[in-house]
Amino acid sequence: MSAPRFQPRLMAVPTDRLYFGKVARISWLEGSTETEEKRIATARLQHALAVKIIGTLRDMGHNVRSYAKLAGVSYDRMAKVLRGEALMRLEDIADAERLLGLVVPALLEANETRSPEQIASDQKIEAARKRHEAFNLMREAMAMELKLAKASEAEYDARKNASLPDSRSDSEPGAAGDPSTGARNQ
């Protein structure tokens, strides 16, 4: 008995698949798994961009072949991308934006534009913030080093005091030693 052969699950193709990239409204399948849902969402986004690219080309009086040549991409690949048979890459979107202008939907565009002066000012503020953080870290490190030095000094004093024998008072004869050498009188 042989092992069952793996059969990939094929997605049903919608009847208006031929309109991908050509008309704005087409029917979409519903995914039964998370992966299928992600792929369908990706296809919907590619479709919206393809519709915008093809419409812009039509308005400018260009065709897919001339656009592919301008973009430096083979006609075959560009046609497949715009038909939804090949995945659109970020480079394809950047080419469309560069060559055709305003093909990226408004939702994807950045609303804020910043001048070089604003960017430089923000960079100066960020640099000052980083210097301030570095200064605080140095201050904390110095405080920790001072604590460690005090703890080490206290430990040294404790050891020194623990190692000294009980000394008799200085008034008792023979108890006092030579203070310069630490030797005791005998």
Side-chain angles (χ1 to χ4, degrees), residues 2-141:
S2 65
R5 293 177 49 115
F6 173 74
Q7 293 184 355
R9 184 167 175 236
L10 300 174
M11 291 179 53
V13 177
T15 56
D16 53 359
R17 167 86 169 115
L18 296 173
Y19 299 116
F20 186 98
K22 293 177 181 70
V23 295
R25 294 176 122 339
I26 62 173
S27 63
W28 292 97
L29 302 172
E30 290 187 24
S32 58
T33 66
E34 188 175 341
T35 301
E36 285 179 355
E37 288 175 11
K38 286 179 184 180
R39 288 180 178 161
I40 291 169
T42 302
R44 290 178 78 127
L45 181 58
Q46 181 170 337
H47 167 71
L49 290 167
V51 166
K52 185 69 172 170
I53 290 169
I54 291 171
T56 303
L57 287 173
R58 189 178 321 116
D59 294 344
M60 295 174 77
H62 294 290
N63 60 26
V64 175
R65 186 172 303 280
S66 64
Y67 174 64
K69 187 174 183 179
L70 282 173
V73 179
S74 73
Y75 167 75
D76 184 52
R77 181 178 184 293
M78 184 60 70
K80 285 181 179 178
V81 165
L82 296 176
R83 284 193 311 258
E85 295 172 6
L87 290 176
M88 186 177 283
R89 300 181 309 220
L90 289 173
E91 291 90 351
D92 298 320
I93 298 169
D95 283 340
E97 187 65 28
R98 179 176 54 88
L99 297 170
L100 305 175
L102 302 175
V103 296
V104 177
L107 294 175
L108 298 178
E109 290 182 6
N111 292 331
E112 182 182 3
T113 56
R114 302 177 52 70
S115 70
E117 293 81 16
Q118 290 170 318
I119 293 169
S121 175
D122 287 351
Q123 289 171 340
K124 288 177 185 175
I125 291 169
E126 182 64 19
R129 187 186 63 75
K130 286 181 179 180
R131 282 192 306 271
H132 182 72
E133 285 177 12
F135 176 75
N136 284 338
L137 287 173
M138 286 175 47
R139 188 173 6 165
E140 289 173 17

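Residue indices begin at 1 and follow the sequence shown.
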Donor-acceptor check, side chain of [X] to backbone of [Y], threshold 3.5 angstrom: yes or no?
X   : Y   : value
Y67 : A96 : yes
S66 : H62 : no
Q46 : T42 : no

In the structure I gave you, are the side-chain heavy atoms of [X] and [Y] within less than 4.5 Å of one another anywhere?
X   : Y   : answer
E97 : I93 : no
R77 : R89 : yes
N63 : L57 : no

[atom1]-[atom2] distance between [X] and [Y], expressed to the nearest 0.5 angstrom:
X    : Y    : atom1 : atom2 : result
S74  : K80  : OG    : NZ    : 8.5 Å
T33  : K38  : OG1   : NZ    : 9.5 Å
H47  : M88  : NE2   : CE    : 11.0 Å
R131 : N136 : CZ    : CG    : 13.0 Å
I54  : L49  : CD1   : CG    : 11.0 Å

How about [X]: does its [atom1] atom have over 12 heavy atoms from other parts shown lying under 6.0 Å from it?
X    : atom1 : value
L137 : CG    : yes
L87  : CG    : no
E34  : CD    : no

Salt bridge (Lys or Arg N to Asp or Glu O under 4.0 Å) partners of R65, counting only residues at least two apart |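 R65 satisfies salt bridge (Lys or Arg N to Asp or Glu O under 4.0 Å) with no other residue.
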Below 4.0 angstrom, N of the basic side chain to O of the carboxylate: do R39 and E36 qualify?
-> no
